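Structure first, commentary second.
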Amino acid sequence: MATGIVAGRLAIVTGAGSGIGRAACQVLSREGATVIAADKNYNAAVETIKTHTALASGSNAVGDHSAIELDVSDSKSVQNLVQTVTSQYKAPPTIVVNSAGITRDNWILKMSEDDYNAVLNVNLKGTFLVMQAFSRIMTEAQVPGSIVNISSIVGKYGNLGQSNYAGSKAGVVAMSQSAAKELGKFNIRVNAILPGFIKTPIIETVPDKVIEKLIKMVPLGRIGEPIEVAELITFLGSDKSSFITGAAIDVSGGF
Ligand code: NAP
């Protein structure tokens, strides 16, 4: 029998094939949850389950971990996901982590409408679609749950070249706070996390000299590790955070 702060819970994580989403699967499974790793890149989600989850070959109270292909920006893909998960596990996930996200950076004077739409569709609409779909099945099943949406510190302060991304991430905070107000009566908590600069593929396009400048603005003097965000995701998913909802919490080294 699994032990840990989320033992026996079913968790779904989007963007689970890389970075923060993958680390979330790792820590959630270490703490006893059964994990569904969902990502646009199916092979990467499979890799997360095979290599990076604590119970890679095992099962616990809820069932085996699984990987699934998902495009969060496509409502049909989200509906397919709900059907697959419901038929496989017979119960809704009670921890939902929205970590799928993209950047398409450019100066505001040069940004194309396509790049604007792509970022808003994945980061903001995608978070909405997944949150809506899973809160529906949780309320229908009358189970309490926790939704954790990954925003960004850039949503609070803005950033050069990221007007689309910053707008989407500010939206994720406001949307999470609104959802927390609506879903509280069903005992579904909704919180947002605002990571600072975290070592994942998403920041690989940032030039080294920009990273060096940014590190100077971080009181802890370094870039964060995905697992440092994943620990908070798991805490927010667990009953240890039972009176926390509508919060927006920085994990930024003090940036
Ligand atoms: P990452 O390593 O690039 O992981 C993001 C994952 O999401 C990738 O596997 C990506 O697949 C997947 N994805 C992209 N579009 C998708 C879609 N439409 N449907 C489903 N999955 C999709 O980035 P990360 O750093 O872990 O980022 C995770 C979250 O944290 C994002 O929301 C990001 O904005 C946020 N964040 C990151 C940082 C940071 O410094 N790393 C800071 C603040 C906030 P592909 O690789 O195939 O695109």
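All residue numbers refer to positions in the sequence shown, counting from 1. As the structure is a prediction and not an experimental result, all values here were calculated from the model. Ligands are counted one by one from 1 in listed order, and the atoms in each one are counted from 1 as well.
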Which protein non-hydrogen atom lies closest to [atom], naming both residue and atom, and how far is it?
atom                    : result
atom 2 (O) of ligand 1  : S18 OG, 2.5 Å
atom 37 (C) of ligand 1 : I20 CD1, 3.8 Å
atom 11 (O) of ligand 1 : D39 OD1, 3.2 Å
atom 21 (N) of ligand 1 : K40 N, 3.3 Å
atom 33 (C) of ligand 1 : Y165 OH, 3.4 Å
atom 7 (O) of ligand 1  : G15 CA, 3.4 Å
atom 40 (O) of ligand 1 : I198 N, 2.8 Å
atom 5 (C) of ligand 1  : G101 O, 3.9 Å

Inset, instruction - Looking only at distances, please establish whether an N/O atom of ligand 1 is found under 3.5 Å from an N/O atom of S99. - result: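 Yes; the residue has a nitrogen or oxygen that sits under 3.5 Å from a nitrogen or oxygen of the ligand.
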Which is it for [X] and ligand 1 at heavy atoms under 4.0 Å: side chain, backbone, both or neither?
X    : answer
L194 : neither
S151 : backbone
T200 : side chain
V122 : side chain
D71  : both
V72  : both

[X] heavy atom under 4.0 Å from ligand 1:
X    : answer
K169 : yes
L70  : yes
G126 : no
G196 : yes

Inset, instruction - Kindly check if the number of other-residue, nucleotide or ligand heavy atoms within 6.0 Å of CD1 (I108) is above 12? - result: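 For I108, atom CD1 is not crowded (no more than 12 foreign heavy atoms under 6.0 Å).
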Can a donor-acceptor pair be found between the side chains of [X] and [Y] at a distance below 3.5 Å?
X    : Y    : result
N149 : T127 : no
Y116 : S163 : no
S73  : D71  : yes
T34  : R9   : no

Inset, instruction - I would like to know whether I95 and L10 meet side chain to side chain contact (heavy atoms under 4.5 Å, CB included); could you show each step before the answer? - result: CA-CA 6 Å; I95 300 172; L10 181 60; over 6 Å; no
Inset, instruction - Report yes if the side chains of S66 and Q88 come closer than 4.5 Å at any heavy-atom pair, otherwise no. - result: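 When only atoms from C-beta onward are counted, Q88 and S66 do touch, with a gap below 4.5 Å.
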Legend entry - Closer than 4.0 Å: a protein non-hydrogen atom to atom 18 (N) of ligand 1: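 Neighbour list for atom 18 (N) of ligand 1 includes protein heavy atoms (cut-off 4.0 Å).
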Inset, instruction - Evaluate the 4.0 Å heavy atom contact test for atom 24 (P) of ligand 1: does a protein atom fall under the cut-off? - result: yes
Legend entry - Short N-O contact, E228 and K199, less than 4.0 angstrom: no
Legend entry - E31 (side chain) donor-acceptor with V6 (main chain) under 3.5 angstrom: no
Legend entry - Passing option when L70 is tested against D39, L81, I36 for side-chain contact (heavy atoms from CB on, under 4.5 Å):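 Option passing the side-chain contact (heavy atoms from CB on, under 4.5 Å) with L70: L81.
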